[in-house]
Every structure is written in C-alpha cells, then in structure tokens.
Amino acid sequence: MLGGFASAIFLLGVAVMMVIGSIERIVSPQPIQYKEAIAVAILGLAVTVVCALIPGKAHHHGHSHGHGHDHHGLKLKSAYLHVIADAATSVLAIAVVTHDRARTPRRCEEPLGGARGDRPLNDRDLSPRRASESPAGGAA
C-alpha cells in the first residue's frame, strides 16, 4: 500500500509539472523539435513492444496454488492490456507528429525564424500578412 501511495504522489508531481510546462508553452510558444519528438515516440513504441513480450513468457510458471481462480492470469492480462494501450499511444504520437510536420511551413521549424535567421519567430511571423505590410512588419 505504501508503494501505491508513493507512486500516486510521484504521478501527481509529474502531472503538476506537465500543467506548468503546458501553461508556459501557451504563454510563450516554442517551435516543435519534430525529429526529436518522433525519435522519442519510436523509442517509446520499441520499449512497449519489448514489455508486451515479457508477460507472455512469464505466464507459464509451472506451479499451482490449489485454488479455483487464476489471479496471476488476471494480473498478467491487465498488465498486458496496459502495455498495449501504451503502444497505441506511441503509435498515435508518431502519426500526429508526422502529420503535423508535413503541414508545418519549413520557416516555422527553424529555431531563429526562417531563412533570415536574424530574429526569433513572433506572432506576426505566424499570421498571414496583408499586402500593405512589408516583411519587417511595418507599412510598405
């Protein structure tokens, strides 16, 4: 029980850090590192596939407890389903990042604001320009 409590407290801390990080990204958007995001998602998928193979090997442990229910089988099945859900999440992350990468203009991916490279991106860089505006953001 103490382990479950400690795990819950740890996950609560991680959730709070994720909320804080999300708010920071909303207030101050940063370019997405597509290559790194896809690499992490692929690594996560590989780990979950390996983990999905482990319960299958541990299923036949060769002894009986002498009672009528199979509590080991239920635990293994729930662990297996959890790992499969994690794998599905990784596949979804790969698909979303790949799709978003294909739809993002190349100048938004570069850390210093595109081909000019003399300043970071700002809100004007991401919004459509009117014909009367010059590239520097002022009137023509």
Side-chain angles (χ1 to χ4, degrees):
M1 285 170 69
L2 186 57
F5 177 74
S7 177
I9 295 299
F10 176 75
L11 289 175
L12 180 63
V14 170
V16 168
M17 290 181 355
M18 289 175 65
V19 168
I20 291 169
S22 297
I23 291 170
E24 288 174 353
R25 288 290 182 135
I26 290 171
V27 172
S28 177
Q30 302 292 319
I32 297 170
Q33 312 315 358
Y34 289 102
K35 292 177 185 175
E36 291 86 351
I38 291 173
V40 168
I42 290 171
L43 179 64
L45 180 59
V47 169
T48 55
V49 167
V50 169
C51 289
L53 299 174
I54 293 171
K57 292 180 181 178
H59 184 70
H60 302 292
H61 49 79
H63 70 275
S64 174
H65 294 287
H67 44 253
H69 65 315
D70 185 14
H71 61 276
H72 288 293
L74 183 58
K75 288 179 184 178
L76 285 173
K77 186 175 183 179
S78 64
Y80 183 73
L81 290 175
H82 181 102
V83 170
I84 295 301
D86 286 346
T89 302
S90 294
V91 168
L92 184 61
I94 292 166
V96 168
V97 172
T98 303
H99 179 263
D100 191 50
R101 167 104 165 75
R103 296 189 62 203
T104 302
R106 298 289 178 237
R107 70 184 181 101
C108 294
E109 293 176 21
E110 297 176 18
L112 297 176
R116 291 181 52 205
D118 59 350
R119 62 181 172 77
L121 288 174
N122 60 34
D123 292 338
R124 260 186 256 144
D125 291 325
L126 301 176
S127 64
R129 288 196 178 110
R130 288 176 275 164
S132 63
E133 292 184 11
S134 69

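Values in this document were obtained by computation on a predicted structure and should not be read as measured data.
Partners of S28 according to the side chain to side chain donor-acceptor pair (under 3.5 Å) rule, which considers only residues two or more places apart in sequence or in another chain, are Q30. Looking at residues two or more places apart in sequence or on another chain, you find a side chain to side chain contact (heavy atoms under 4.5 Å, CB included) between I20 and V16, E24. Looking at residues two or more places apart in sequence or on another chain, you find a side chain to side chain contact (heavy atoms under 4.5 Å, CB included) between I23 and V19, V27.
For the atom pair I84 CD1 and K77 NZ, the distance stands at 12.5 Å (nearest 0.5 Å).
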For a quick test of your reading: what N or O donor-acceptor pairs under 3.5 Å do the side chains of residues 36-54 make, sequence neighbours left out?
{"from": "T48", "atom 1": "OG1", "to": "G44", "atom 2": "O", "distance (Å)": "3.2"}
{"from": "T48", "atom 1": "OG1", "to": "L45", "atom 2": "O", "distance (Å)": "2.8"}

Output side-chain donor-acceptor pairs under 3.5 Å for residues 87-100, partner residues at least two apart or in another chain, one line each.
{"from": "T89", "atom 1": "OG1", "to": "A85", "atom 2": "O", "distance (Å)": "3.0"}
{"from": "S90", "atom 1": "OG", "to": "D86", "atom 2": "O", "distance (Å)": "3.4"}
{"from": "T98", "atom 1": "OG1", "to": "I94", "atom 2": "O", "distance (Å)": "2.7"}
{"from": "D100", "atom 1": "OD2", "to": "Y34", "atom 2": "OH", "distance (Å)": "2.7"}

